[in-house]
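Residues take their numbers from the sequence shown, with the count starting at 1. Just so it is clear, the values below take in all heavy atoms, side chains as well, and ignore hydrogens, waters and symmetry mates. Small disclaimer: the values here were computed from a predicted structure and weren't measured.
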Amino acid sequence: MVNIAICEDEKTYSDKLISLLNQYSEKNGLAFDYQVYTDGSPFIDEIVSGKRFGICFFDIKLEKSDGIDTASFIRKYDSSAAFIFVTSIEDRAVEGYSVSAFDYIIKSSLEERLFAVLDRLFSMRRAAMLSLASDDGAVSLVPSSDVIYIESDGRGTMVTLRNDTIHSPAPVGKIASSLPGNRFIEIHKSVYVQVSKIKRIEATTVQMINGAVLPLSRRKRKQVMAAVMDGIKDNMV
């Protein structure tokens, strides 16, 4: 199930968007659930209370607020949702991307562009999933963004996630090759970490956000430091 928020004050357009999304979900075997907001304030209130969406559609001109301002506030609470602007205002696209918008669709081209935008989004999300075979043969699909680090234990690979650990009989190198190369780095022989999950770098160790202290090769330290700095520049850390 993909939870979708639609922040749109004109019912004609929110109904049209839902109709198109229903066509897309039926065509692609997906399940969508919708929540419509006619202004930014109630949307923000629910986000602050903990509600989350996979995709958020925003108009820019709302009843009492600005869609980009609303998206900017929500982005502080949710870095992973895909923001898509659907608006009649053509000259504010650059502002839309300032809140890491996935795309910006002019309402007059909604029917023409929506499916292509969603195809690209779901293609990228599938590529961002890591397929892990565990010792009992079960296969799990986990977001690569949830991986804190992976390391060889001599029998396979221990994958440490945000809220779980999975042991896979697959070699660590094989799993590492499936991870986004711009987000993960080898810090020691057969130890790979997600750059954005590094909390502290010492002379010979790296502390991760979950408290784990991992060995750091002296010859890799400069490379790891550079990866962290690049991540900060690219807003990944």
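Scored by the ring pair (Phe, Tyr, Trp, His ring centres under 6.0 Å) test, Phe122 finds no partners at all (sequence neighbours excluded). Remark: Val36 pairs with Ile6, Ser14, Ile18 by the side chain to side chain contact (heavy atoms under 4.5 Å, CB included) rule, at least two apart or across chains.
A distance of 8.0 Å separates CZ in Arg75 from SG in Cys56, rounded to the nearest 0.5 Å. Taken from CG in Asp33 to CG in Leu21, the straight-line distance is 12.0 Å, to the nearest 0.5 Å. Atoms CG and CG, from Leu118 and Asn28 in turn, are 8.5 Å apart once rounded to the nearest 0.5 Å. Atoms NZ and CG, on Lys51 and Asp45 in that order, are 13.5 Å from each other to the nearest 0.5 Å. Here CG of Leu130 is found 8.0 Å from CD1 of Ile150. Values are rounded to the nearest 0.5 Å. How far OG of Ser177 is from CD1 of Ile175: 9.0 Å, rounded to the nearest 0.5 Å.
Residue Leu161 is not grouped with residue Ile148 when hydrophobic side chains (ILVMFWY) are merged at heavy-atom distances under 4.5 angstrom, including chains of intermediate members. Residues Tyr149 and Met129 do not share a hydrophobic cluster, defined by chaining ILVMFWY side chains whose heavy atoms lie under 4.5 Å apart. Linking ILVMFWY side-chain heavy atoms closer than 4.5 Å, directly or via other members, places Phe32 and Ile105 in a single hydrophobic cluster. In the hydrophobic clustering of this structure, Ile44 groups with Phe85; members are Ile, Leu, Val, Met, Phe, Trp, Tyr whose side-chain heavy atoms approach within less than 4.5 Å, directly or through other members. Criterion: ILVMFWY side-chain heavy atoms under 4.5 Å apart, direct or through other members. Under it, Ile166 and Met158 are not part of a common hydrophobic cluster.
For the pair Arg92 and Asp66, the minimum side-chain heavy-atom distance is below 4.5 Å. At a threshold of 4.5 Å between non-hydrogen side-chain atoms, the residues Thr165 and Val159 do not count as touching. The shortest distance between side-chain heavy atoms of Thr38 and Leu62 does not fall below 4.5 Å. Contact annotation: the side chain of Val224 approaches that of Ile198 to within less than 4.5 Å [non-hydrogen atoms, C-beta and beyond]. A 4.5 Å side-chain heavy-atom check between Val86 and Tyr13 finds every atom pair outside the cut-off. The shortest side-chain heavy-atom distance between Phe184 and Val147 falls under the 4.5 Å cut-off.
Applying the 6.0 Å contact sphere to CD of Gln23 captures more than 12 heavy atoms from other residues, nucleotides or ligands. Atom NZ of Lys61 has 12 or fewer neighbouring heavy atoms from other residues, nucleotides or ligands inside a 6.0 Å radius.
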Subject >> Test log, rule side chain to side chain contact (heavy atoms under 4.5 Å, CB included), inputs Leu30 and Val2 >> reply: CA-CA 8 Å; Leu30 299 169; Val2 181; 5.5 Å; no
Subject >> Evaluation steps, side chain to side chain contact (heavy atoms under 4.5 Å, CB included), between Val191 and Val206 >> reply: CA-CA 11 Å; Val191 181; Val206 168; over 6 Å; no
Distance-only check: which donor-acceptor pairs under 3.5 Å involve side-chain atoms of residues 208-221, not counting sequence neighbours?
residue: Asn210; atom: OD1; partner: Ala212; partner atom: N; Å: 3.1
residue: Ser217; atom: OG; partner: Arg219; partner atom: N; Å: 3.4
residue: Arg221; atom: NE; partner: Glu202; partner atom: O; Å: 3.0

Donor-acceptor pairs under 3.5 Å, side chain of residues 106-117 to any protein atom, not counting sequence neighbours: which ones?
residue: Lys107; atom: NZ; partner: Glu8; partner atom: OE1; Å: 3.0
residue: Lys107; atom: NZ; partner: Asp59; partner atom: OD2; Å: 3.0
residue: Ser109; atom: OG; partner: Ile106; partner atom: O; Å: 3.0
residue: Glu111; atom: OE2; partner: Lys16; partner atom: NZ; Å: 3.4
residue: Arg113; atom: NH1; partner: Tyr104; partner atom: O; Å: 3.1
residue: Arg113; atom: NH2; partner: Asp103; partner atom: OD1; Å: 3.2
residue: Arg113; atom: NH2; partner: Asp103; partner atom: OD2; Å: 3.1

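At distances below 3.5 Å, not a single donor-acceptor pair connects side-chain atoms of Asp39 with backbone N or O atoms of Asp9. Between the Asp78 side chain and the Ile74 main chain, no donor and acceptor come within less than 3.5 Å of each other.
For the 3.5 Å distance criterion, the side chains of Tyr34 and Asn22 qualify, holding a donor opposite an acceptor.
Tyr37 and Phe53 have perpendicular rings, their planes meeting at more than 60° on a 0 to 90° scale where under 30° would count as parallel.
For residues 62-83, every residue pair satisfying the ring-ring contact (aromatic ring centres under 6.0 Å, His included) rule, not counting sequence neighbours, is listed here: Phe58-Phe83, Phe73-Tyr77. Applying the side chain to side chain donor-acceptor pair (under 3.5 Å) definition to pairs two or more places apart or across chains, those involving residues 128-146 are Ser134-Asp136, Asp135-His167, Asp146-Arg162.
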